[in-house]
Number of protein chains: 2
Amino acid sequence: MTEYPVGATHTTARIVNALAGGREAGVTELAEELSVSKASVHNHLATLERLGIVLSSNGRYRLGLRLLDLGMGIRDGMTLYQTASPEVNGLAESTGESTALVVPEHGEAVHAAVEDAERNDRRIRLGSRLPLHATAAGKLILAYRSRDEVEAYVETHGLDRLTDRTVQSPSDLRDELRSISDRGLAFDRGEVWEDMRSVAAPIRQGERGDAFAGAVAVLGPAERLSGKRLEEDLPGLVLSAAKRIELDLAD
Amino acid sequence: MTEYPVGATHTTARIVNALAGGREAGVTELAEELSVSKASVHNHLATLERLGIVLSSNGRYRLGLRLLDLGMGIRDGMTLYQTASPEVNGLAESTGESTALVVPEHGEAVHAAVEDAERNDRRIRLGSRLPLHATAAGKLILAYRSRDEVEAYVETHGLDRLTDRTVQSPSDLRDELRSISDRGLAFDRGEVWEDMRSVAAPIRQGERGDAFAGAVAVLGPAERLSGKRLEEDLPGLVLSAAKRIELDLAD
DNA sequence: AAACTTGTTTATCTATAGTGAACGGAGAGC
DNA sequence: GCTCTCCGTTCACTATAGATAAACAAGTTT
């Protein structure tokens with residue numbers, strides 16, 4: 001009862017996580033890995049199967065696509081997605097690059113919509129999560145928080161260094177967040193992946209534009225996103241797209 | 001123990017389902033709806049929140065995007081998706097129509113991959129599920145099953161009539177399945193939605209090509225998919241795409 | 001300002017989730 | 001072809017912990 005009010009649900013979640021990524025596993029295997037009795041693992045798997053979440057074939061278990069269905073439904077139900085989606089698509093059209101709608105969740109930057117530059121060009125996965133301090137959209141999210149909240153974030157999540165360019169110290173982060181909130185625009189110059197660049201603009205909400213709803217971002221390879229294009233052209237397009245979303249959200 | 005070996009997990013699932021589609025709800029609301037005590041609902045929600053699955057803001061709860069992340073990971077981990085994905089994209093490219101990879105799961109046709117004809121043209125949602133007897137890919141799935149298995153399907157799932165064109169009787173279904181397995185090709189002429197058409201070809205697997213892995217489908221509005229294009233041109237393209245996937249699966 | 005909401009907490013109790021051991025079937029190896 | 005082994009499943013038991021109802025604490029509404 002110390003951690004999770006409903007322990008059984010926690011166990012189920014652990015089993016599901018162990019099967020994440022399409023891994024196929026047996027009962028004994030999972031039981032040893034999670035330090036739970038075979039019978040218990042079996043019960044959880046049987047329950048999950050009845051729920052349509054896992055599939056079993058001759059004694060081996062794997063996750064089915066029910067959670068994908070659920071997840072897509074959640075995403076489609078988000079009002080922010082509903083109003084932002086056309087603009088995110090339009091932005092991909094006008095820039096010829098991949099675009100995304102990013103929302104904060106549990107201290108992470110989550111990709112609520114992703115539009116690829118072209119087919120067979122999956123850059124980032126829909127629903128994928130990245131640390132706030134390393135991405136353009138993430139830093140934007142932090143820039144709209146109070147000093148204390150940013151400090152709390154650093155405290156709990158730390159400043160993982162994904163590449164040499166990832167912001168390293170709390171003071172560097174603070175400086176960058178200030179300039180970001182001044183311009184109302186954020187960049188990522190290889191802070192997640194060396195050869196990747198992105199620009200993000202905030203989607204504000206509420207009477208005084210104080211509430212932060214999410215961010216729109218354009219992203220792509222450094223070879224295409226650099227110089228004047230990255231610094232001037234794309235920012236303009238991203239900003240105006242974000243602005244249009246803000247207006248659409250108002251009604 | 002009658003239904004679900006782990007009752008607590010079942011309760012959690014019921015709560016999650018009640019919140020599906022991005023619905024926001026309070027504790028009391030859910031408690032009444034599901035006939036569970038307030039305290040219990042609260043415990044489950046608190047657990048789900050700690051797991052990063054639900055988000056709460058001033059007493060109201062909703063599902064976050066963690067399940068989407070999980071679901072996408074499951075999909076990306078499917079070997080069938082990995083090998084079929086390029087072909088599904090290519091088929092969308094060459095036909096100019098939407099395409100999909102469909103797999104059977106728990107007696108339903110699940111869309112494991114969807115490639116839209118163009119941006120802003122979402123026809124079917126990724127992960128969405130349709131009854132086997134009404135879709136082209138679904139009937140294909142049934143066509144590769146034994147007579148008994150088909151009968152069992154009808155028994156448990158029934159033959160929901162989605163439109164006037166949906167197959168109605170078990171004998172009609174049997175007849176159609178025979179001609180489908182003869183041609184190795186299936187059509188849907190408005191059986192799910194009146195103004196929708198689709199063609200699907202099977203992806204077979206195993207030594208003697210007896211194991212059924214999934215189906216590739218082209219789908220679109222009846223105004224574009226009709227006549228020679230629907231009956232001859234598209235079938236050829238779909239069949240060859242499916243064949244290429246089968247070959248890629250072999251190695 | 002009081003009378004409703006609502007979410008949260010508490011204390012009690014019983015159902016049940018977890019355990020270990022036994023069962024049965026499939027495969028491997030001699 | 002037989003045994004041995006491994007694994008998934010089932011069984012019976014017990015202590016745990018999920019579910020309950022009632023009290024509590026905030027926040028709205030009237």
Side-chain angles (χ1 to χ4, degrees), chain A residues 1-20 22-64 74 105-106 206-207 210-211, chain B residues 1-20 22-64 105-106 206-208 210-211:
Chain A
M1 200 230 65
T2 60
E3 284 284 12
Y4 297 84
V6 184
T9 297
H10 179 214
T11 304
T12 298
R14 289 178 65 211
I15 291 174
V16 169
N17 279 328
L19 292 174
R23 175 180 164 205
E24 196 174 272
V27 174
T28 312
E29 194 179 341
L30 290 170
E32 289 176 359
E33 192 172 320
L34 303 174
S35 306
V36 185
S37 73
K38 272 201 301 178
S40 187
V41 170
H42 178 259
N43 282 339
H44 282 271
L45 287 172
T47 305
L48 286 168
E49 187 173 15
R50 261 172 236 238
L51 290 169
I53 294 172
V54 314
L55 310 174
S56 69
S57 54
N58 51 39
R60 299 199 64 78
Y61 292 84
R62 64 185 181 86
L63 293 170
I74 296 166
E105 198 172 282
H106 274 291
E207 302 306 310
D210 51 348
Chain B
M1 202 233 63
T2 60
E3 284 285 13
Y4 296 86
V6 183
T9 296
H10 179 215
T11 303
T12 298
R14 289 179 65 212
I15 292 174
V16 169
N17 279 328
L19 292 174
R23 173 178 165 208
E24 197 175 271
V27 174
T28 312
E29 194 178 342
L30 291 171
E32 288 176 359
E33 191 172 320
L34 304 173
S35 306
V36 184
S37 71
K38 273 202 298 178
S40 187
V41 170
H42 178 259
N43 282 339
H44 283 270
L45 287 172
T47 305
L48 286 168
E49 187 174 13
R50 260 172 238 240
L51 290 169
I53 294 172
V54 314
L55 310 173
S56 70
S57 55
N58 49 42
R60 299 199 62 81
Y61 292 84
R62 64 185 181 83
L63 293 170
E105 198 172 282
H106 274 290
E207 302 306 310
R208 301 169 303 285
D210 51 348

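When reading the values below, keep in mind they use all heavy atoms of this one structure, side chains included, and skip hydrogens, waters and symmetry mates. Chain naming here is simple, since letters A, B, ... match the order of the sequence lines and numbering starts at 1 in each.
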Review point. Does B/H42 make a side-chain N or O approach to OP1 or OP2 of C/dT8 shorter than 4.0 Å?
Key: yes

**Study point:** Phosphate OP1/OP2 of D/dT9 contacted by A/Y61 side-chain N/O (<4.0 Å)
**Key:** yes

Exercise for review: Under the salt bridge (charged side-chain N to carboxylate O under 4.0 Å, His left out) rule, collect the residues that match up with A/E32, sequence neighbours excluded.
Suggested key: none

Point to revise | Any residue meeting salt bridge (charged side-chain N to carboxylate O under 4.0 Å, His left out) with A/E24, in chain and number order, not counting sequence neighbours | key: A/R60

Tell me: [atom1] of [X] to [atom2] of [N], nearest whole Å?
X	N	atom1	atom2	answer
A/L45	C/dA17	CG	P	15 Å
A/E32	C/dT19	CD	C1'	16 Å
A/N58	C/dG27	CG	C1'	13 Å
B/E49	C/dG7	CD	P	13 Å
A/L55	D/dG8	CG	C1'	17 Å
A/R60	C/dG27	CZ	C1'	14 Å
A/L34	C/dA17	CG	C1'	16 Å
A/E24	D/dC7	CD	C1'	15 Å

Study note, to complete from the structure: Reading nucleotides 18-24 of chain D from 5' to 3' and marking B where a protein heavy atom lies under 4.0 Å of the base, S where only the sugar-phosphate is that close, and - otherwise, the string is SSBB---

Minimum heavy-atom distance [X]-[Y], with the two atoms named:
X	Y	answer
A/A13	B/L51	CB-CD1, 3.7 Å
A/P5	B/N43	CB-O, 3.6 Å
B/L63	B/V16	CD1-O, 3.6 Å

**Study point:** Any donor-acceptor N/O pair, A/T12 side chain to B/T9 backbone, under 3.5 Å
**Key:** no

